[in-house]
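Each chain gets a letter, A, B and so on, in the order the sequences are listed, and its residues count up from 1. What's counted below: heavy atoms across the whole structure, side chains too, no hydrogens, waters or symmetry copies.
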Protein chains: 2
Amino acid sequence: MEKSSTLWDRSRQAVVAEIVDTALALFAEQGYEATTMAQVAKRAGVSQRSVFRYFGTKEDLVCGEQEALGEVLVSAVAAQPPEVSTWDALRAGFTTILTASNHTPQRVLEISALIFDNPSLHARYLEKRLRWQRSLVPVIEKRMGIDSGEVPDARAMGVIATVFACVDAASELWVRHGGKADAFELYEQALAAVRG
Amino acid sequence: MEKSSTLWDRSRQAVVAEIVDTALALFAEQGYEATTMAQVAKRAGVSQRSVFRYFGTKEDLVCGEQEALGEVLVSAVAAQPPEVSTWDALRAGFTTILTASNHTPQRVLEISALIFDNPSLHARYLEKRLRWQRSLVPVIEKRMGIDSGEVPDARAMGVIATVFACVDAASELWVRHGGKADAFELYEQALAAVRG
DNA sequence: GCCAGTCTGTCAGTCACTGCCAACCTGTCT
DNA sequence: AGACAGGTTGGCAGTGACTGACAGACTGGC
């Protein structure tokens with residue numbers, strides 16, 4: 001949470017934001033597949049090479065910020081006091097993410113719909129989420145009173161994967177309902193069906 | 001389970017198997033990323049174009065048969081008698097898949113390790129699994145006594161996603177243990193931690 | 001043998017992505 | 001002001017996955 005130090009850093013942030021905005025606009029106009037990186041670069045006013053320097057892959061134009069959110073999630077869960085149950089700690093982590101995201105719900109919905117509609121994007125998204133799960137393992141193991149071995153514990157992995165699965169189900173349904181449903185409620189329903 | 005009808009069909013199957021075998025061998029030798037489709041085609045004795053006609057993508061050389069297994073899973077779950085609980089029905093589906101796969105455990109381990117070690121393959125694999133989940137939704141909804149609406153039910157999705165999550169955790173741990181662990185046991189542990 | 005339909009190989013092309021190098025911009029030291 | 005060092009950008013050529021189009025080969029039915 002450090003203030004954007006140098007002026008140079010801020011202009012860089014502006015360039016990144018500009019590229020993402022033009023990319024999302026183009027994806028909305030023509031669809032993800034039909035849009036080329038050359039188009040994005042040209043309309044954003046930078047070289048194609050620079051777009052790849054900033055984002056690495058076309059998919060990261062959409063899924064890029066997931067990276068940072070993962071760290072937020074892990075530290076939020078780790079920061080929960082020990083008397084909070086594992087399930088509540090994980091839920092708290094996800095609510096933290098929701099409030100930490102500085103996007104309008106419309107924007108979140110737009111991006112989510114893009115991801116859910118596009119197999120290649122969806123695949124990449126799932127894989128990134130799996131990294132979140134991996135980095136959560138030690139945190140949850142400690143919370144469940146399990147010694148962290150070199151290989152993760154099946155119980156910890158199961159709990160983490162289940163919470164993610166329910167979050168995922170809730171997100172997908174939220175998108176399918178056009179953002180009109182209560183995602184939190186859907187999550188509770190899904191988890192209750194599992195644990196009840 | 002129909003007998004491979006025409007001779008032509010059988011030789012076609014042989015070609016497909018030959019391509020997969022050479023591909024896996026090359027991946028084992030040089031790694032997945034470092035192996036080009038041109039190499040696979042050349043060593044398999046077919047044109048590069050034909051490889052793409054059979055498999056569509058490089059990833060499908062490894063994940064291709066997942067497709068068929070998904071249908072086996074769905075029909076196996078649907079075939080469970082109604083008095084079997086939802087959880088048991090899903091577990092039965094997965095054990096059916098395990099026995100239906102006509103590969104040696106070594107082969108399964110080799111393929112699984114390839115998938116888990118390779119982000120691009122892993123991503124594609126997860127996305128395919130998600131399609132299994134989608135096609136299971138109506139089956140599970142009926143079993144849980146839920147009317148199938150146009151949008152899936154959160155409870156059904158949660159249960160399905162959870163079982164898959166635990167299967168996934170168990171598979172990954174099984175691979176991390178070099179195939180020496182009991183995958184079934186790991187699955188039970190993970191699910192017990194969730195439902196207990 | 002002949003014809004229709006299917007399968008295969010070849011070729012050229014698109015697009016994501018990368019390494020390389022020259023130009024450039026920015027702050028610093030003298 | 002001018003030289004210098006660091007990092008940044010753009011252009012360019014290349015690789016590799018993947019696709020469409022076309023021509024030849026191969027198959028089964030007549």
Side-chain angles (χ1 to χ4, degrees), chain A residues 4-20 22-24 26-27 29-64 114-115 118-125 127-128, chain B residues 4-20 22-24 26-27 29-64 114-115 118-125 127-128:
Chain A
S4 58
S5 39
T6 70
L7 172 140
W8 177 85
D9 252 356
R10 259 174 291 144
S11 81
R12 183 185 168 108
Q13 288 301 101
V15 172
V16 169
E18 170 71 19
I19 295 175
V20 170
T22 53
L24 288 181
L26 279 169
F27 294 159
E29 285 174 26
Q30 318 172 334
Y32 176 77
E33 297 268 352
T35 304
T36 72
M37 292 299 268
Q39 284 180 304
V40 174
K42 190 169 185 181
R43 193 185 280 194
V46 293
S47 78
Q48 196 170 342
R49 195 70 187 79
S50 286
V51 177
F52 279 109
R53 258 195 282 260
Y54 280 129
F55 292 94
T57 67
K58 187 180 180 183
E59 285 138 358
D60 276 350
L61 284 172
V62 181
C63 301
L114 203 54
I115 292 175
N118 204 269
S120 134
L121 276 175
H122 205 163
R124 172 64 79 123
Y125 166 76
E127 198 249 332
K128 292 213 173 206
Chain B
S4 57
S5 40
T6 69
L7 172 139
W8 177 86
D9 250 357
R10 259 174 293 143
S11 80
R12 181 186 169 107
Q13 288 301 102
V15 172
V16 169
E18 171 71 18
I19 294 174
V20 171
T22 53
L24 288 181
L26 279 168
F27 295 159
E29 286 175 25
Q30 318 171 334
Y32 176 76
E33 298 267 352
T35 304
T36 74
M37 292 298 269
Q39 283 180 305
V40 174
K42 190 168 186 181
R43 192 184 283 192
V46 293
S47 79
Q48 195 169 342
R49 194 70 185 82
S50 286
V51 177
F52 279 109
R53 260 194 280 260
Y54 281 128
F55 292 94
T57 65
K58 187 180 179 184
E59 285 137 0
D60 277 349
L61 283 171
V62 181
C63 302
L114 204 53
I115 291 174
N118 205 268
S120 135
L121 276 175
H122 203 166
R124 172 64 81 126
Y125 165 76
E127 198 249 334
K128 293 214 174 204

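Atom P of nucleotide D/dG10 and atom CE of A/Met37 are separated by 14 Å, given to the nearest angstrom. Rounded to whole Å, the distance from NZ on B/Lys42 to C1' on C/dT10 is 15 Å. Straight-line distance from the CZ atom of A/Arg53 to the C1' atom of C/dC21: 11 Å, rounded to whole Å. One atom, CZ of B/Phe27, and another, C1' of D/dA17, lie 12 Å apart when rounded to the nearest Å. Summarising the geometry, the separation between CD on B/Glu33 and C1' on D/dT15 is reported as 13 Å, rounded to the nearest angstrom. At whole-Å resolution of the value, CD in A/Gln39 and C1' in C/dT14 are 13 Å apart. The interatomic distance linking B/Phe52 (CZ) with C/dC15 (C1') rounds to 13 Å, in whole Å. Remark: P of D/dG20 and CD of B/Gln48 are 15 Å apart, rounded to the nearest angstrom.
Here B/Arg49 does not reach the OP1 or OP2 of C/dC7: none of its side-chain N or O atoms lies under 4.0 Å away. B/Ser50 has a side-chain polar atom (N or O) that falls below the 4.0 Å cut-off from OP1 or OP2 of C/dG9.
With respect to the salt-bridge test (charged N to carboxylate O, under 4.0 angstrom), the residues A/Arg43 and A/Glu29 qualify.
A/Arg124 approaches A/Cys63 most closely through the heavy-atom pair CG-SG, 4.5 Å.
Here the side chain of B/Thr57 is nearest to one of D/dG11, C/dG9, D/dC18, namely D/dC18.
A/Ser120 comes within contact range of no nucleotide atom at all, as no heavy-atom separation falls under 4.0 Å. Note on B/Tyr54: only backbone sugar-phosphate atoms sit closer than 4.0 angstrom, heavy atoms only; bases stay farther off.
When side chains are defined from C-beta on, A/Phe27 counts as touching A/Leu61, because their heavy atoms get closer than 4.5 Å. Side-chain contact between A/Tyr125 and A/Lys128 is absent, with no heavy-atom pair separated by less than 4.5 Å.
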